[in-house]
Amino acid sequence: GIAFDAAHNRWLMVGFNSPNIFAWTTGDDSVTVIGTGPGGGDGIVILNDGRALYSSWADSSLYVFVDGVSTKLRGGLNAPADLGYDARRNIVAVPLFQDNRVEFVQVK
């Protein structure tokens with residue numbers, strides 16, 4: 001997953017085969033590890049307040065990432081894939097790949 005973090009003028013990335021959360025700024029030669037999580041990352045979005053949310057297949061969860069720390073927001077999400085974000089309503093859409101449905105999560 002990849003999303004643009006406008007507040008810091010960088011891209012944030014989570015990878016399926018890595019527990020790391022990466023940042024990359026245009027012009028840099030490489031990415032920087034800015035935190036870790038459970039791995040199995042798929043989707044990532046940046047919220048209005050600058051926090052990032054990402055999905056993890058490793059433990060079927062949705063995480064909040066802020067200041068280098070990943071905190072589980074919601075578990076029990078079977079194969080959470082890419083994320084969609086409704087910034088006006090602060091709702092995240094989490095497609096559940098293996099269940100063929102979408103779960104909507106209100107973010108506070």
Any chance you could measure [X], atom [atom1], to [Y], atom [atom2], to the nearest 0.5 Å?
X	Y	atom1	atom2	result
Phe65	Ile46	CZ	CD1	9.5 Å
Thr25	His8	OG1	NE2	10.0 Å
Leu53	Leu83	CG	CG	7.0 Å
Ile2	Asp82	CD1	CG	11.5 Å
Leu62	Leu73	CG	CG	5.0 Å
Ser55	Leu77	OG	CG	9.0 Å

Would a 4.5 Å heavy-atom cut-off, applied to side chains only, mark [X] and [Y] as touching?
X	Y	result
Phe4	Asn9	yes
Leu96	Val94	yes
Pro80	Tyr63	no
Trp24	Met13	yes
Val92	Glu103	no
Ile34	Leu12	yes

Q.
The test is side-chain contact (heavy atoms from CB on, under 4.5 Å); show your working for Ser70 and Ile21 and say whether it passes.
A. CA-CA 9 Å; Ser70 294; Ile21 292 94; 3.7 Å; yes
At their closest point, which heavy atom of [X] faces which heavy atom of [Y], and how far apart are they?
X	Y	answer
Gly39	Ala58	O-CB, 3.4 Å
Val45	Ala3	CA-CB, 4.2 Å
Thr36	Tyr54	O-OH, 4.2 Å

Q | Flag for Tyr85-Asn90: side-chain donor and acceptor within less than 3.5 Å | A |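 Yes.
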Q: Take atom CG of Asp49 as the centre, draw a 6.0 Å sphere, and report whether it contains more than 12 heavy atoms from other residues, nucleotides or ligands.
A: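 Counting neighbours around CG of Asp49, more than 12 heavy atoms of other residues, nucleotides or ligands fall under 6.0 Å, so yes.
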Q | Asn100, CG atom: more than 12 neighbouring heavy atoms under 6.0 Å | A |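 Counting other residues, nucleotides and ligands, CG of Asn100 stays at 12 neighbours or fewer.
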Q) Under 30°, 30 to 60°, or over 60°: which ring-plane class applies to Trp57 and Phe16, parallel, tilted or perpendicular? A)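 Plane angle over 60°, so perpendicular.
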Without swapping roles, check the side chain of [X] against the backbone of [Y] for a donor-acceptor pair under 3.5 Å.
X	Y	answer
Gln106	Arg89	yes
Asn48	Ala87	yes
Ser18	Asn20	yes

(Q) Quick check on the hydrophobic clustering: are Val33 and Val31 connected, directly or via other members, by side-chain heavy-atom contacts under 4.5 Å? (A)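 Yes, it is one cluster - the side chains of Val33 and Val31 are joined through contacts under 4.5 Å.
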Q: Could you tell me whether Asp59 and Lys72 have a side-chain N and a carboxylate O separated by less than 4.0 Å?
A: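 The answer is yes: the pair qualifies as a salt bridge.
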Q) Can you list the steps and then say if Phe22 with Trp11 is a ring-ring contact (aromatic ring centres under 6.0 Å, His included)? A) CA-CA 8 Å; Phe22 301 97; Trp11 292 91; over 10 Å; no
Q: I would like to know whether Thr26 and Arg10 meet side-chain contact (heavy atoms from CB on, under 4.5 Å); could you show each step before the answer?
A: CA-CA 7 Å; Thr26 302; Arg10 64 185 181 178; over 6 Å; no
